[in-house]
Each structure stands twice: as C-alpha cells, then as structure tokens.
Visitor: 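If you scroll down you'll find the structure; I have some questions about it.
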Amino acid sequence: MTVSPKEQPRAAERRGRGPSDFSFLEDIGAIVTQSQDLRATLDRIVEAVARRMDTEVCSLYLYDPAKKRLTLWATTGLDRSSVGRVSMDLHEGLVGYVLERMQPVVAIDALGHPRFKFFPETGEEQYHSFLGVPVFERQNPAGVLVVQTKRRRRFRPREVRLLRAIGAHVTGIIAQARLLETLADKEEERLDYQRKMGEALRELEVYEQRQRPGARSRLSGTGASPGFAIGRALFLDTPSLDLPYEEKRKGSIRQEIQRFRKAVEEAVRETAESYRRVQATLPEMDASMFEAHRLILEDHSFRRKVEERIAAGLSAEAALRVVVAEYELRFREMGDAYLRERALDIRDIGRRILRHLLGRPGGWRRPRGAVVLVANELSITDFAQIDPEVVKGIVLSVGGVTSHASILARSLEIPAVVGVEDLSGSVREDDHLVVDGTAGVVYVNPPADIVREYERLDREYRAFSRELETLRELPAETLDGRRLALRANIVLLSELAFARHQGAEGVGLYRTEFPFLSHRDFLSEDEQVELYRKVVEGMPNLPVTIRTLDLGADKYPRYLDVPREQNPFLGWRSIRISLEMADVFKVQLRAILRVAAEGPVRLLLPMISSVDEVRRAKELLEEAKFELQRAGRRFDPRMPVGIMVEVPSAVSLAEELVREVDFFSIGTNDLIQYLLAVDRNNRKVSPLYEPLHPAVLRAIARTAEAARRAGKPVSLCGEMAADPECTVLLLGMGLSDLSMGPFFLPAIKRVVRALEYREAAKLAREILELPTVKDVKKHLFEALRRLGITDIVEKFH
Ligand code: PEP
Ligand code: MG
C-alpha cells in the first residue's frame with residue numbers, strides 16, 4: 001500500500017519547497033532542547049536561522065534591563081570576535097530601535113537608515129537589508145533577533161512572522177543566559193540565583209524531560225492510521241514470567257495463598273470483561289479464546305499445583321512460574337497441533353496472573369483521561385481490550401502500514417504510528433504524546449506551541465470533514481458526467497456502519513483473513529456464511545466483493561503449520577495456499593456462493609500470477625457449486641468472479657486473464673512491491689515505494705486498457721485509491737471504481753467531482769509518456785494546481 005498518503009513525505013516538501021515553517025520551528029525547538037552548552041546552542045540557532053531565511057547574517061542581541069543595554073551574544077556572518085564586545089543602549093542603532101519600538105524593523109538599505117549606527121568591529125558595513133524582531137521573555141523585552149543580507153531586498157510578512165516565532169522559541173535559552181550572566185556578576189547572590197535558575201528550569205520542564213540520555217523528542221515511524229491524537233503514554237505491559245522474582249515466600253503460607261487467589265480472581269474478572277468487549281466490538285473474533293482462558297484460570301488442579309508450591313516455600317510469583325512452565329512443557333509435547341497451541345494460552349494466562357500479583361493490572365485498566373497506547377506490538381487479543389473512548393492513539397515499535405495492528409487501528413479509527421525507532425528509549429509511562437498518524441510522527445513531551453499547532457490542525461481537520469460530509473449523498477461524478485463507483489475496503493464488521501456513513505457504494509474489498517487469524521481453526525462453512533451474510537446485510541442492495549483467503553507473508557493463523565521461509569512475500573501465500581489446501585478453499589467458496597444468493601456478491605481471487613491458477617480456482621468453484629447443489633443448498637451459480645492484479649506477471653497476461661474472469665481489481669499494495677522490488681513493510685526502503693513510478697502507472701494503464709477492451713469493469717483497491725494526488729490519473733486511465741478505507745471516501749469524491757474526465761484522460765496520456773518519477777510529479781502537481789484541487793491534496797497529506 002501505499003505508501004499511502006501517510007507514508008509519503010508531506011506534499012510541500014516533496015514538491016521541493018523545502019521544509020515548512022512549522023517543521024523548521026520544530027528543528028529550532030530541538031536545538032534548544034537538545035543542547036547542553038548555552039553558547040553553542042545560540043550559535044547553532046543563528047546558523048540555522050540564517051540558512052532557513054537565506055540571509056548572510058543572523059545575530060542575537062540580549063538585553064540587560066539593569067544596564068539598559070543590548071549586547072551581541074551570538075552571530076553568524078558578523079565578525080565573531082565582536083561577540084560580547086559590541087553593546088548599545090536603546091537609542092543606538094537599528095537594533096536598539098527594534099527594542100525601543102518593541103516592533104519588527106525592516107530596512108531595505110540599512111546603511112541609509114537614520115537610525116543606523118556603525119560598529120566597525122562587526123564588519124557589517126557590507127550588509128544592506130536588515131530585519132530585526134524583538135524577543136520577549138514573559139512580556140518583558142529580552143533581546144533582538146536580526147537577519148541581514150548583502151543584497152538589497154524586501155522581507156515578506158511571512159518571513160517577519162517566522163523570525164518572530166523563532167524569537168519566541170529562544171526565550172527559554174535567554175532566561176538561562178541571563179541567569180548565568182548575573183551569576184558571574186554577583187557572586188554573593190548565588191543562592192538566590194540558584195533558586196531562580198530552578199524556576200527557569202521548571203519553566204523549561206518540557207525541555208528538561210526531553211534531555212534524557214539518548215531520548216528523542218520527535219520520533220518518526222510509519223503513519224498507519226490517519227488523524228491526530230494527544231494523550232498520556234500508557235504502556236501495555238505484560239511482564240515476563242522469566243524475570244527474577246523473589247523465589248522464597250516472605251509471608252505466611254496463608255497470606256501468600258490469599259495473594260495468589262486474589263490475583264486469579266482479578267484475572268478472571270478481567271477475562272470476562274475482555275470477552276464482553278470483544279463480543280460488542282469485534283463480533284467476528286473468536287471470543288471462545290477467552291472462555292478457554294477462563295476455564296484454565298478456574299481449573300482446580302492448576303490452582304492446587306501453584307498452592308502446593310507456595311506451601312513448599314516458594315513465593316506466589318515463583319510458584320506460578322514453575323507450574324506454568326510445567327504445563328507449557330506438557331502441552332508442547334502433545335502430538336495434536338491444536339493442543340500444542342494451548343501452550344501459548346497457558347503462558348498468556350500466567351502473565352495475566354503475574355500482572356495482578358505485581359499490582360500492575362496493565363492491559364485493560366481504565367486510565368484517567370485520554371491515553372496513547374505504547375507497545376512493542378499489539379496482538380489481536382490486545383486489541384480486544386482497547387476502548388476507543390479512552391485510547392486516542394497507538395504507537396508501536398513494530399509493524400508496517402499493512403500489518404495487522406495497523407489495519408485494526410484504522411478499522412477502529414484510532415490514529416496510529418507504527419515501526420517507531422527508539423521507542424522504548426524515548427518514551428516513559430505518562431509522558432505527554434502527540435501522535436500524528438497522517439505524517440507518521442510522534443512528539444514526546446512537546447512544547448506548548450507544537451501541541452497548540454496540532455490542536456489547531458485537529459480542529460481544521462474536523463471542520464474539513466464536516467464540510468465533506470455534505471457530499472455523502474452525491475455521486476462521484478466528474479463535471480462532464482463520468483461516474484466512478486467509490487467503495488469501501490473492509491476488515492472488520494464494525495467498519496460497515498462507518499463505511500455507509502461515509503457514503504460507500506458497496507464493499508470493494510472484504511479481506512476475509514481476520515476471523516481466520518483470530519479463531520483457533522479454519523472456520524466452518526456455516527460460520528463463514530454467518531459472517532459474510534453480515535457484510536451483505538451491512539450494505540443493503542449494494543455490491544460486496546469478498547476476497548478469498550490471502551494468508552501467508554505476514555498473516556499466518558496459529559493453527560496453520562508453515563515452514564519458515566526466507567522470503568515469505570514470495571513464498572507460500574494467498575491463492576497458493578488455497579489451491580494446495582483445496583478442501584479448506586472449497587469450504588470458503590461454498591460459503592461465498594451461498595451468501596451470493598442473498599445479495600449482489602462478487603468473488604475475488606488474490607495473488608493470481610498465471611492463467612492456470614485462475615482456471616484451477618474456477619474448477620474448484622465448479623466443484624463447490626456441484627457440492628452445494630447435491631446438498632440442496634441455495635446459492636448463486638452466476639456469481640461474478642474476478643482476480644486481483646497484484647503480481648507483475650498478471651499485468652503481462654492481462655489480455656489473457658481478462659477472458660477468464662468477470663472483473664479485475666488492481667492491488668497496488670502488492671503490485672508496487674513486486675514491480676519495484678521494494679518490501680512494502682520495510683521503512684528503510686519506503687522512499688523507493690513509489691505509486692507514481694512510471695512502471696507502476698504503466699502497469700495500471702495496461703491492466704485497465706485490457707479490461708476496457710474486453711468490456712469488463714476494473715477497480716483499484718490498494719491504498720493508492722485513497723491518495724487524492726493519484727485520483728486524477730486513475731480516473732484518466734479508465735478505472736471504473738476505486739475501493740479504499742472508508743475514512744478517505746469523501747475526500748476522493750470531492751476530487752472526482754472537481755475534475756473533467758476528458759482532461760483527466762489527456763493528463764494520464766501525457767504522464768504515461770514520462771520516464772521518471774520526478775517528471776511525473778512535476779507534471780502532475782502542476783496539473784493539480786491548475787485544476788484547483790491542491791487544497792484537498794494538502795489536507796490529506
Ligand atoms: C493490495 O495488495 O493492494 C491489496 C489491496 O491487498 P492487501 O493489502 O490485502 O495485500
Ligand atoms: Mg495484496
């Protein structure tokens with residue numbers, strides 16, 4: 001996928017405009033917070049400002065209210081030996097004038113300005129243009145920040161605003177500077193100043209926290225679920241059973257057994273709560289797993305064994321560890337794969353009891369206020385414990401956009417950043433976090449201005465979404481009358497309501513893996529019918545495309561014995577597994593055929609790489625129909641069958657493949673990774689994962705053209721469908737429908753409604769001729785600007 005809008009750098013940066021003012025302010029913030037040495041910090045700030053503002057000089061003058069003088073503290077461009085030597089009162093020079101007026105002063109030709117005063121030691125006579133802004137510390141004048149250029153030039157209002165904002169950032173540093181200066185002057189007041197220093201540092205608490213050794217205040221990862229979240233860090237801590245807990249019992253046998261029993265009781269209560277929660281929020285998940293946990297928790301012999309160990313002198317923790325290890329061993333030795341799996345349950349249960357013994361309920365406890373869940377990774381059971389009312393954001397050190405946790409986060413509409421480096425070293429429980437799930441950034445204890453900026457973005461974003469809501473009932477139709485069907489990609493049943501709310505015209509991709517991953521075995525035909533029926537009922541009278549199992553790669557159910565593979569994405573996955581496990585596959589085919597009799601259902605085969613595979617799948621489909629007929633079951637014998645075009649060989653064979661099927665659905669998430677040889681989950685190579693690569697665009701165009709010639713519909717259901725930048729091209733290349741996460745539907749509809757098909761087709765033709773990504777982007781962005789849809793593109797990047 002994507003690199004969906006989320007994984008890509010912000011639009012402005014990609015277009016070569018350089019970093020935004022906001023990100024520059026962040027950099028300044030980082031310099032301020034990360035530096036220990038005051039002088040060096042000020043030097044770095046003035047250098048960074050000069051670079052950013054493209055000026056030859058940047059200088060910082062600090063004001064001493066006692067002496068009523070301004071002194072040069074740092075400069076780049078002027079003679080550095082003048083630092084500390086050049087000083088002036090408020091009535092001298094342009095710098096004094098800035099503080100006297102308490103306003104920015106701009107001079108195109110400073111040397112000719114009546115207030116100009118020449119300080120020969122600085123060598124500033126060569127600089128003509130001057131911009132100075134006052135710097136305040138709690139409303140009191142604290143200094144002047146100046147930029148100068150040789151060339152006579154105007155400074156734009158935006159530049160003045162930026163320099164002022166930078167000035168506000170360095171206030172904290174100035175507070176320290178002043179204290180240090182005063183300390184040097186008046187040794188006898190040292191203690192008093194120390195107290196003041198304490199105050200100043202408290203004021204800079206935010207900065208302080210971020211100066212932990214090795215800690216970083218801005219963590220980048222992959223934006224996995226869009227939106228912004230602000231909250232306190234909550235670690236989903238599952239202590240290891242192997243930690244060195246006190247071996248010997250400290251209290252009496254009775255006390256220790258009581259402690260153990262209480263922990264078990266709490267674990268039982270927690271399990272029941274998880275069970276209820278799962279049933280309510282994730283009905284397709286196998287909640288019986290919690291039931292099995294409860295049975296073990298309440299098992300007498302399990303409890304007795306632990307209590308016997310306690311009686312023999314062990315602490316409750318140690319006794320638990322020993323008994324869990326014994327059980328685990330016994331289960332692991334069992335021949336039956338299902339029973340072997342129970343070893344994991346036992347370990348899970350052991351950890352749960354241990355958490356309660358340690359007084360760290362963790363997992364599901366109701367924290368106060370909004371929280372951001374922080375973890376290495378989240379399992380499906382962990383997800384079951386998430387209450388979206390409280391958990392506002394998710395940050396994980398593992399995972400990519402298409403990993404399970406990411407898909408679930410999107411389904412629950414919780415902004416998430418995954419694959420975050422240095423997470424454990426940089427975040428502590430209760431830290432204040434800002435999660436930008438759109439850009440893939442996490443801020444740890446950010447300064448107030450970053451929080452404010454995000455609060456503003458969040459408000460704007462919500463207002464924008466409300467504005468888009470008005471489009472819900474309108475068709476996705478271009479100005480010249482071409483209709484595009486916009487449908488939803490669904491993982492969870494709970495997403496259906498949201499998809500309808502967002503105006504989805506059906507389900508373009510129902511990924512059926514999730515229930516299989518959360519259950520303890522392949523689902524029976526009836527279980528599947530029940531599930532798929534819910535999808536059909538959730539989209540009354542609208543088409544629903546059900547994709548057969550796309551297991552493997554990063555999605556293995558625990559009960560499927562899979563050999564370790566070196567390249568699982570090129571290995572035993574998807575349709576390859578289905579064709580090999582024909583019986584399992586036919587159960588699914590029968591279930592889909594049956595539901596197709598109840599609504600407009602289409603069958604979609606993933607990962608097709610040859611004509612033979614389609615033919616074999618169709619043979620099995622015919623067998624499934626025959627079996628249903630024999631069993632007297634109602635089904636739709638004419639259910640349309642399509643394939644995902646997501647392997648390059650399928651593109652090459654598009655003309656042949658289209659004859660075999662009723663429709664195509666292009667899966668760009670995989671197609672990009674296979675075509676460009678770039679792992680879709682590997683952050684290291686994510687800049688190479690480029691939907692606008694000419695080879696990707698040509699593959700899509702070729703597939704669409706083959707379908708068009710055959711008069712068959714062609715859809716696109718990879719994350720690219722949700723990228724407003726790409727919509728004009730996809731429309732122009734002749735896609736008949738786009739399927740995407742429900743979140744993005746209104747935005748894409750708005751883009752479609754602003755376009756003319758004829759113009760889009762012309763643009764697509766032009767762009768398909770271009771040889772490089774750079775050329776494509778240049779041409780495309782110019783067109784987007786011309787077409788006036790850059791606002792929506794910016795908003796969703
Ligand atoms: C794709 O590959 O584009 C796709 C939609 O399928 P998935 O992300 O489930 O592999
Ligand atoms: Mg795929």
Visitor: Tell me the closest heavy-atom pair linking Ile230 and Ala370, and the distance in Å.
Guide: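 It is O-CB, 3.8 Å.
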Visitor: Which atom names give the shortest non-hydrogen contact between Ala499 and Ile490, and what distance separates them?
Guide: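 The answer is CB-CD1, 4.1 Å.
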Visitor: Counting distance only, does the side-chain N/O of Arg750 pair as donor-acceptor with the main-chain N or O of Leu471 below 3.5 Å?
Guide: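 No; judged by distance alone, with no hydrogens or angles, the pair does not exist.
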Visitor: Just so I know, are the side chains of Leu676 and Leu688 near enough to count as touching, which here means a heavy-atom distance under 4.5 Å?
Guide: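 They are not in contact (no side-chain heavy atoms under 4.5 Å apart), so the answer is no.
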Visitor: Find out whether the Lys NZ or Arg CZ of Arg680 is both under 6.0 angstrom from the six-membered ring centre of Tyr689 and within 45° of the ring's axis.
Guide: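 Not flagged: Arg680 not positioned over aromatic ring of Tyr689.
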Visitor: If every non-hydrogen atom of His128 is compared with every non-hydrogen atom of Asp109, which pair is closest and at what distance?
Guide: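 What the structure gives for the nearest pair is ND1-OD1, 3.3 Å.
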Visitor: Give a yes or no on this: more than 12 heavy atoms of other residues, nucleotides or ligands lie within 6.0 Å of atom CZ of Arg156.
Guide: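 It does not: Arg156 CZ has 12 such atoms or fewer within range.
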Visitor: Taking it one step at a time, do Leu496 and Val535 satisfy side-chain contact (heavy atoms from CB on, under 4.5 Å)?
Guide: CA-CA 7 Å; Leu496 285 162; Val535 183; 4.2 Å; yes
Visitor: Restricting to non-hydrogen atoms, name the atom on Ala701 and the atom on Leu768 that form the minimum distance, rounded to 0.1 Å.
Guide: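 Result for this residue pair: CB-CD1, 3.7 Å.
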Visitor: Measure from the side-chain N and O atoms of Thr149 to the backbone N and O of Thr55, and report whether any donor-acceptor pair falls under 3.5 Å.
Guide: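 No, the answer is negative, given that no donor and acceptor are paired below the 3.5 Å cut-off.
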Visitor: Are the side chain of Arg602 and the backbone N or O of Ile546 linked by a donor-acceptor pair below 3.5 Å?
Guide: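 Checked: no pair found.
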Visitor: Okay, side chain of Ser736, backbone of Pro713: is any donor-acceptor separation there less than 3.5 Å?
Guide: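 A pair under 3.5 Å: no.
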Visitor: Using only atom types and a distance under 3.5 Å, with no angle test, would you say the side chain of Thr478 pairs donor to acceptor with the backbone of Glu756?
Guide: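 No; zero donor-acceptor contacts below 3.5 Å.
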Visitor: What distance separates Arg500 CZ from Leu745 CG, expressed to the nearest 0.5 Å?
Guide: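 Here the interatomic distance stands at 13.5 Å.
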Visitor: Can you check whether Val773 reaches Lys777 side chain to side chain, under 4.5 Å on heavy atoms?
Guide: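 In contact.
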Visitor: So, does Asp480 use its side chain to make a donor-acceptor pair with the main chain of Tyr757 at under 3.5 Å?
Guide: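 Answer holds: yes.
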Visitor: If only atom types and distance count, is the side chain of Asp679 paired as donor or acceptor with the main-chain N or O of Gln673 below 3.5 Å?
Guide: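 A pair under 3.5 Å: no.
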Visitor: Among Leu671, Leu716, Ile666, Leu735, which one satisfies side chain to side chain contact (heavy atoms under 4.5 Å, CB included) with Thr703?
Guide: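 The residue from Leu671, Leu716, Ile666, Leu735 that satisfies side chain to side chain contact (heavy atoms under 4.5 Å, CB included) with Thr703 turns out to be Ile666.
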Visitor: Is there a side-chain contact (heavy atoms from CB on, under 4.5 Å) between Met539 and Arg487? Walk through the geometry before answering.
Guide: CA-CA 11 Å; Met539 277 288 158; Arg487 309 193 211 277; over 6 Å; no
Visitor: Donor-acceptor check, side chain of Gln502 to backbone of Pro742, threshold 3.5 angstrom: yes or no?
Guide: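 Yes; at least one donor-acceptor contact below 3.5 Å.
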Visitor: Nearest 0.5 Å please: distance from the NZ atom of Lys712 over to the CZ atom of Phe663.
Guide: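 If I round to the nearest 0.5 Å, the distance is 11.5 Å.
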Visitor: Does atom CZ of Arg154 have more than 12 heavy-atom neighbours from other groups under 6.0 Å away?
Guide: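 No.
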Visitor: Which value, rounded to the nearest 0.5 Å, describes the distance between Leu604 atom CG and Thr545 atom OG1?
Guide: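 Nearest 0.5 Å value for the CG-OG1 distance: 6.5 Å.
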Visitor: When rounded to the nearest 0.5 angstrom, what distance separates CG in Asn489 from CG in Asn669?
Guide: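 Separation between the atoms: 8.5 Å.
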Visitor: Under 4.0 Å between a side-chain nitrogen and a carboxylate oxygen: does that hold for Arg709 and Glu705?
Guide: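 Answer for the salt bridge query: yes.
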Visitor: Considering only heavy atoms from C-beta outward, does the side chain of Leu692 approach that of Glu725 to under 4.5 Å?
Guide: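 Result yes, sub-4.5 Å side-chain heavy-atom pair found.
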Visitor: Do Leu131 and Met53 have side chains that approach each other closer than 4.5 Å (heavy atoms only, starting at C-beta)?
Guide: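 They are in contact (side-chain heavy atoms under 4.5 Å apart), so the answer is yes.
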Visitor: Between Arg786 and Glu782, is the closest basic N to carboxylate O distance under 4.0 Å?
Guide: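 No, no charged N to carboxylate O under 4.0 Å.
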Visitor: In Å, rounded to the nearest 0.5 Å, how long is the span from OG of Ser494 to CG of Leu412?
Guide: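 Reported to 0.5 Å precision, the distance equals 6.0 Å.
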Visitor: Tell me whether the guanidinium CZ or amine NZ of Arg153 lies under 6.0 angstrom from the six-membered ring centre of Phe155 and within 45° of its axis.
Guide: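 The answer is yes, since Arg153 meets both limits relative to Phe155.
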Visitor: If we check side chain to side chain contact (heavy atoms under 4.5 Å, CB included) with Glu477, which of these qualifies: Lys749, Arg482, Arg483?
Guide: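 Only one option passes, and that is Arg483.
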Visitor: Any salt bridge between Arg410 and Glu495, counting N to O under 4.0 Å?
Guide: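 Salt bridge between Arg410 and Glu495, a charged N being under 4.0 Å from a carboxylate O: no.
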Visitor: Taking side chain as C-beta onward, heavy atoms only, is Pro648 less than 4.5 Å from Tyr674?
Guide: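 Side chain of Pro648 against side chain of Tyr674, heavy atoms only: contact under 4.5 Å found.
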Visitor: Considering all heavy atoms of both residues, which atom of Leu479 and which atom of Arg753 are nearest to each other, and what is their separation?
Guide: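 What the structure gives for the nearest pair is CD2-O, 3.3 Å.
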Visitor: Please walk me through it: do Ile672 and Val678 pass side-chain contact (heavy atoms from CB on, under 4.5 Å)?
Guide: CA-CA 7 Å; Ile672 297 170; Val678 178; 5.9 Å; no
Visitor: Can you find a pair of side-chain heavy atoms, one from Leu697 and one from Ile767, that are under 4.5 Å apart?
Guide: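 In short, these two side chains touch, coming nearer than 4.5 Å.
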Visitor: For residues Met644 and Met607, determine if any side-chain heavy atom of one lies less than 4.5 Å from a side-chain heavy atom of the other.
Guide: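 Side-chain contact under 4.5 Å: no.
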Visitor: Examine distances only and state if a side-chain atom of Ser220 and a backbone atom of Val420 form a donor-acceptor pair shorter than 3.5 Å.
Guide: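 Checking the backbone N and O of Val420 against the side chain of Ser220, no donor-acceptor pair under 3.5 Å is found.
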Visitor: So among Ile789, Leu731, Leu787, which one has a side chain to side chain contact (heavy atoms under 4.5 Å, CB included) with Val751?
Guide: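 Result for side chain to side chain contact (heavy atoms under 4.5 Å, CB included) with Val751: Ile789.
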Visitor: Between Arg51 and Asp54 (salt bridge meaning N to carboxylate O under 4.0 Å), is one present in this structure?
Guide: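 Answer for the salt bridge query: no.
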Visitor: Is there a donor-acceptor contact under 3.5 Å from the side chain of Arg511 to the main chain of Arg547?
Guide: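 Not confirmed, Arg511 side chain does not pair with Arg547 backbone.
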Visitor: Taking all heavy atoms of Leu145 and all of Cys58, pick out the closest pair and write down the distance.
Guide: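 Looks like CD1-SG, 4.1 Å.
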Visitor: Go through Val147 and Val49 one step at a time and tell me if the side-chain contact (heavy atoms from CB on, under 4.5 Å) criterion holds.
Guide: CA-CA 8 Å; Val147 289; Val49 174; 4.1 Å; yes
Visitor: Can you label the angle between the Tyr443 ring and the Tyr454 ring as parallel, tilted or perpendicular, going by 30° and 60°?
Guide: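 Tilted.
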Visitor: Considering only heavy atoms from C-beta outward, does the side chain of Thr727 approach that of Val752 to under 4.5 Å?
Guide: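 Heavy-atom side-chain distance check passes, below 4.5 Å.
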Visitor: Does a side-chain N-to-carboxylate-O contact under 4.0 Å join Glu413 and Lys392?
Guide: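 No.
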